[in-house]
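See structure below.
All chains are named by letter (A, B, ...) in the order of the sequence lines, taking the proteins before the strands, and each is independently numbered beginning at 1. Excluded from the calculations below are hydrogen atoms, water molecules and symmetry mates; all remaining heavy atoms, backbone and side chain alike, are included.
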There are 2 protein chains.
Amino acid sequence: MTSMNSPELGTRARNENVILEAAEHVFACHGYRGASVQAIAEAAGLPKSNVLYYVGSKRKLYVALLERMMSRWNAMLDDISEDDDPGEVLEGFIRSKMRLTQRHPQGSRLFAAEVLQGAPFLQEYLHGELREWVRARARVFEHWADKGLMDPVDPVWLIFLIWSATQHYADFEAQILGITDKTALGESEYRSVTEFLCHVILKGCGVRSAARVGPSRDRQAIQSKETI
Amino acid sequence: MTSMNSPELGTRARNENVILEAAEHVFACHGYRGASVQAIAEAAGLPKSNVLYYVGSKRKLYVALLERMMSRWNAMLDDISEDDDPGEVLEGFIRSKMRLTQRHPQGSRLFAAEVLQGAPFLQEYLHGELREWVRARARVFEHWADKGLMDPVDPVWLIFLIWSATQHYADFEAQILGITDKTALGESEYRSVTEFLCHVILKGCGVRSAARVGPSRDRQAIQSKETI
DNA sequence: TATCGACATGACCATTTGGTCAACTCCGTT
DNA sequence: AACGGAGTTGACCAAATGGTCATGTCGATA
């Protein structure tokens, strides 16, 4: 294994991957307490002892998953400035967040389950990094409102609106499938929802939509960013 | 006890209430599997045996809580018709749903946890009653769009938008508190969020806002409805 | 061939799980 | 005073929980 860290993953990396995927699913379904190592092991197709051998403990596994999800989230974030175009920024945010939801629904649900139980493992992150990120964004939004580029809405509520509206399609997938009578949310649904959200939210905030003619430079930038 | 079913609750009713409240909290935090009868009993201040004596089993308790939450939801629902005013209806929906979130955050979280695990106990409801309710609403929205009373947005996505944006303030309370650095969401926050959502969503759908001068007939109707 | 470290896993452990049960108190009726 | 049903609860059970450990297998190096 020391001799090869080449394209083909070593045994360790391969098994850890399998375990992480399985665990993300089980934790997302049942939360931290409700998930059992046995269930994760079965989902991974490995004996329980083997799972513990790789991940150390249930707690470490859970933390590793949360960290992976937060790093995906961080990789999605842009810095923005007052000089940027409000329409482009808002639309970019909506599209990025929606893409995150689409690509990592399990991770999104894992995050939701963690927050539902009071975010015991994410207190620090929420009160630190994320809070500052939101405040920075909020300041810019307020500046835009002052300049008359958008309605003077509460910028924090606006961020939460985008967050919730996109997150919903992962967390409440079961409800959406039940109601729309589909068996899965496909590319076309995600596209349709994204367009809808861009329309309603931008218009609702009095932001003129960014020029939308085919996939723009902006959109490609987002795509390449999200390809972790 | 047979002789008195007067104002003062009997022992049974009183204890069942205590247990339901405690259980709603624990189930909302940890989901069905993650909640233990022991934890519920401690939260209720009763011995485990006593809890089981009243509710029969963990499963029955969980189902009872879901049913209570769905009945609260049903009690909130209006029938609407094409002749109603789109602004009034949309605003009424947002306000009602927000009030439900505010009054029953535990119940909202319980519902979220249930849906997160794939809604095993609510399949029937989602595919039946709720689906029909959404479809009926959607038809009316489409009719309004045809008449030019609102933008031709996908009515189902619109319903989900309202659902998610309001639900968020219960389910992600921990995140919101962490980010806004508050310790609780109070009446003023809920009011502020509600006004924000009404503004953005109505404007975003191209619906002219209903005449808003103080608490209207409409608003009082909603209030009295929600007083279960 | 012997050795070593990564990988694999069944046996096992203390604790907790949901649930049962028998014994008990308490109080209104006879 | 005797009875009976609602309420109360500790003792108990089999099963599942997270985690440890000893015993392996296997392939690369010496």
Side-chain angles (χ1 to χ4, degrees), chain A residues 1-6 8-27 29-66 110 113-114 117 120-121, chain B residues 1-6 8-27 29-66 110 113-114 117 120-121:
Chain A
M1 205 207 92
T2 331
S3 61
M4 66 97 150
N5 38 9
S6 329
E8 318 88 345
L9 301 150
T11 323
R12 171 149 220 120
R14 191 177 352 105
N15 280 341
E16 275 178 350
N17 264 353
V18 172
I19 292 169
L20 285 178
E21 290 315 301
E24 195 169 51
H25 176 238
V26 177
F27 278 126
C29 264
H30 301 292
Y32 179 71
R33 297 210 41 181
S36 80
V37 179
Q38 180 64 48
I40 293 169
E42 274 162 25
L46 294 170
K48 190 179 65 157
S49 315
N50 210 346
V51 171
L52 269 320
Y53 167 73
Y54 280 111
V55 300
S57 74
K58 181 183 176 181
R59 171 177 289 255
K60 283 182 193 167
L61 175 54
Y62 185 71
V63 170
L65 284 170
L66 281 182
L110 174 77
E114 162 67 10
Q117 58 166 331
F121 292 86
Chain B
M1 205 208 95
T2 332
S3 62
M4 66 97 152
N5 38 9
S6 327
E8 319 89 345
L9 300 149
T11 322
R12 170 146 221 125
R14 190 176 354 104
N15 281 340
E16 274 178 351
N17 264 353
V18 172
I19 292 170
L20 285 178
E21 291 315 301
E24 195 169 52
H25 175 238
V26 176
F27 278 127
C29 265
H30 301 292
Y32 179 71
R33 296 211 42 183
S36 79
V37 179
Q38 181 63 47
I40 294 169
E42 274 162 25
L46 293 170
K48 190 178 66 157
S49 314
N50 208 345
V51 171
L52 268 320
Y53 167 73
Y54 278 110
V55 300
S57 75
K58 181 184 176 181
R59 172 177 290 256
K60 282 181 193 167
L61 175 54
Y62 185 71
V63 170
L65 283 170
L66 281 182
L110 175 78
E114 162 68 9
Q117 58 165 331
F121 292 87

Point to revise | Partner residues of Tyr62(B) under the ring-ring contact (aromatic ring centres under 6.0 Å, His included) criterion, sequence neighbours left out | key: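 For Tyr62(B), the residues satisfying ring-ring contact (aromatic ring centres under 6.0 Å, His included) (neighbours in sequence not counted) are Phe27(B), Tyr32(B), Phe121(B).
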Point to revise | Under-4.0 Å side-chain N/O to phosphate OP1/OP2 contact, Tyr53(A) with dA8(C) | key: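 Checking Tyr53(A) against dA8(C): no side-chain N or O falls below 4.0 Å of OP1 or OP2.
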Review point. So, is Arg12(A) near the phosphate of dC7(C), with a side-chain N or O under 4.0 Å from OP1 or OP2?
Key: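 The answer is yes; a side-chain N or O of Arg12(A) sits under 4.0 Å from OP1 or OP2.
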Point to revise | Partner set under salt bridge (Lys or Arg N to Asp or Glu O under 4.0 Å) for Glu24(B), not counting sequence neighbours | key: Arg68(B), Arg72(B)
Exercise for review: Please tell me which of Gly56(B) and Leu46(A) maps to the more 5' nucleotide of DNA chain C, matching each residue to the nucleotide holding its nearest heavy atom.
Suggested key: Leu46(A)
Check the interface with nucleotides 21-24 of chain C: list each N/O to N/O pair with the protein under 3.5 Å, or write none.
none

[X] has an atom [atom1]; how far is it from atom [atom2] of [N], in whole Å?
X: Tyr62(B); N: dT17(C); atom1: OH; atom2: C1'; answer: 18 Å
X: Tyr32(B); N: dT17(C); atom1: OH; atom2: P; answer: 14 Å
X: Arg59(B); N: dG18(C); atom1: CZ; atom2: P; answer: 13 Å
X: Lys60(B); N: dG18(C); atom1: NZ; atom2: P; answer: 16 Å
X: Glu42(A); N: dG18(D); atom1: CD; atom2: P; answer: 12 Å
X: Leu52(A); N: dG19(D); atom1: CG; atom2: P; answer: 6 Å
X: Asn50(A); N: dA6(C); atom1: CG; atom2: P; answer: 15 Å

Review point. Between Leu20(A) and Leu61(A), is any pair of side-chain heavy atoms under 4.5 Å apart?
Key: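 Answer yes - side chains close enough.
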Review point. Are Thr11(B) and Arg14(B) side-chain neighbours, meaning at least one heavy-atom pair lies under 4.5 Å?
Key: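 Thr11(B) vs Arg14(B): side chains touch.
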Study note, to complete from the structure: The reported gap from SG in Cys29(A) to CZ in Arg33(B) (rounded to nearest 0.5 angstrom) is 10.0 Å
Practice item. Starting at CD of Glu21(A), measure out to CG of Leu65(A) and round the result to the nearest 0.5 Å. Key: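 Output value for this atom pair is 8.5 Å.
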Between the protein and nucleotides 14-17 of chain D, are there any N/O to N/O pairs under 3.5 Å, and if so, what are the atom names and distances?
from    : atom 1 : to       : atom 2 : distance (Å)
dT17(D) : OP1    : Ser36(A) : OG     : 3.4
dT17(D) : OP1    : Arg33(B) : NH2    : 3.3

Heavy-atom pair of closest approach, residues [X] and [Y]:
X: Ala22(B); Y: Ile40(B); answer: CB-O, 3.8 Å
X: Val18(B); Y: Ala44(B); answer: CG1-O, 3.5 Å
X: Pro47(B); Y: Ala41(B); answer: C-CB, 4.0 Å

Exercise for review: Kindly state each residue pair satisfying side-chain hydrogen bond (donor to acceptor under 3.5 Å, both in side chains) with at least one member in residues 45-61 of chain B, sequence neighbours excluded.
Suggested key: Asn15(B)-Tyr54(B)
Check your understanding: Got more than 12 heavy atoms from elsewhere within 6.0 Å of NE2, His25(B)?
Key -> no
Review point. Under a 4.0 Å heavy-atom cut-off, which of residues 14-25 of chain B touch DNA chain D?
Key: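 Output list: Asn15(B).
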